[in-house]
2 protein chains.
Amino acid sequence: MSLTTESAVGHDELAVLKLLALEGGLEGDVKISCARLAERLDASNQTASRRLQRLESADLLERDTVSDGQWVAITDDGERALHAEYEDYRRIFETDAEVDLEGTVTSGMGEGRHYISLPGYNRQFEERLGYEPFPGTLNVDLREDSVRRRSAVSSLEPVPIDGWEDDDRTYGPAVCYPATVETSAGETYEDAHTIAPERTHHDEDQLEVIAPDKLRDELDLEDGDHVTVSVGDRE
Amino acid sequence: MSLTTESAVGHDELAVLKLLALEGGLEGDVKISCARLAERLDASNQTASRRLQRLESADLLERDTVSDGQWVAITDDGERALHAEYEDYRRIFETDAEVDLEGTVTSGMGEGRHYISLPGYNRQFEERLGYEPFPGTLNVDLREDSVRRRSAVSSLEPVPIDGWEDDDRTYGPAVCYPATVETSAGETYEDAHTIAPERTHHDEDQLEVIAPDKLRDELDLEDGDHVTVSVGDRE
DNA sequence: ATTACTAGTTTACGAGTAA
DNA sequence: TTTACTCGTAAACTAGTAA
């Protein structure tokens, strides 16, 4: 579900925000008058005025009132609220159980190798993915449009990897998705998985892939090579 | 039009419909109780009950109340309402100035050839498309998902073709979009355009393509061949 | 023109209750 | 337990007015 922090504002206000977005409110300032907005809402201009006020006080909208109307721009929070709705509708209508993400092979930080080998994770890989992964991840720098498309992955059903702890520290939970890696030469590797921390990732533009084999060798990949990772549904 | 009193439904009700769709209300019946719904809405179960009643009386939802809850299913009207929202959000976030439509080549009625050759249209083709089209259209039977995706074309900027009249009758306005046709063999033709009557078309599942050359010859196409038509923005 | 306040009315809400 | 009614209250609406 969408866990936006928007409960301050109702669905009526969100509908207004959507309307402004359709007029270009995401790209920059948009000129609007309460009267014109009221007409499109089939309500009084007082109501239109209040809707805009509430959106502003909820930090979803920035306003600049001038003599003959007002200039409005949707804030980052506003865009997030709209995007959460968008994701919901995608989940409803895009039943496609596959998301293709494109990018270039890059050198990982070398962290992956360490974590993957830890017995707390490794045991789960064997159980839930059906193989012991090669100790290392293939890191992919996602192309800009794929970074945006990546959010669609959340509508797929992940393979959960539980967090655990040893004497020294705790290790957080992660999520895997079945994935197929395809090179620009057309070679494919099918039994791979993406892996990412369960908590919102800082590196939305980086995709990490694990597999039974060393993908760099299997697919003859080097840094900068273009790959398509087809992220799919469980089963 | 249906004879039932189609009381308009507010955004709060639509949000409930969306929630039910996310639970699978489009695929079939979904079991729900007002108490559980109320919890997710952060409202009283009386409000939850009312929302469902209003959705039902607006014909967006079918209900079957049983002793321990109720089974609900979203109607076709309900799906349409949700899909309209979906299209709005797509228009907001999918700034991609291209829509890929897939289908199979089919025999046109032979009408296209007649209309395209008419001087009232032909003159505009030369001026606004930059070429004199081959006297005939390539007709494509769109695949089901492409028929649905076709609505996204309306967010692109069309090349308008004006209506005109001669002594006998009037000829309606039409809209063109730049298009690229790709065969399943990988061959492409880039300087084509889709063409359709400006007024809502009866044949939403049929796509007509014009080009300077005879596309059937240029791309070696026969009835039943699969093609992808990439409909783009002006320029 | 505008936006936004105040006042009066309507609508929506939640609590209690019956089926 | 359910759903859905009534009813008193709270919130949202429209009309009028000021800036």
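Note that the structure is predicted; figures quoted are calculated from it, not measured. So you know, we letter chains A, B, ... as the sequences are listed, proteins then strands, and number each from 1.
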Only distances under 3.5 Å count here; give the side-chain donor-acceptor pairs of residues 164-171 of chain A to other protein atoms, sequence neighbours excluded, each with its distance to 0.1 Å.
residue	atom	partner	partner atom	Å
A:Asp166	OD1	A:Asp168	N	2.9
A:Asp166	OD1	A:Arg169	N	3.0

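- For CG of A:Asp42, the number of neighbouring non-hydrogen atoms (other residues, nucleotides, ligands) closer than 6.0 Å is 12 at most.
- Not counting sequence neighbours, B:Asp29 has no partner by the salt bridge (charged side-chain N to carboxylate O under 4.0 Å, His left out) test.
- Of the charged side-chain nitrogens involved, at least one lies within less than 4.0 Å of a carboxylate oxygen, so that A:Arg36 and A:Glu23 count as a salt-bridged pair.
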Dot-bracket notation for DNA chain D, counting Watson-Crick and G-U pairs under 3.5 Å, with | for partners on another strand: .||||||||||||||||||

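- Counting to the nearest Å, the P atom of C:dG14 and the CG atom of B:Leu37 are 12 Å from each other.
- Side-chain N/O atoms of A:Asp100 and A:Ser230 include a donor and acceptor closer than 3.5 Å.
- For A:His193 and A:Tyr177, the ring centers sit 6.0 Å or farther from each other.
- Scored by the ring pair (Phe, Tyr, Trp, His ring centres under 6.0 Å) test, B:Tyr115 finds no partners at all (sequence neighbours excluded).
- When rounded to the nearest whole Å, the span between CG of A:Asp64 and C1' of C:dT3 equals 13 Å.
- Scanning for side-chain contact (heavy atoms from CB on, under 4.5 Å) contacts around B:Ala179 gives B:Thr194, B:Val229, with sequence neighbours left out.
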Quick one, give me the B/S/- string for nucleotides 3-19 of chain D, reading 5' to 3', where B means a protein heavy atom under 4.0 Å from the base and S means that only happens at the primed atoms, P, OP1 or OP2. SBB------SBBBB---

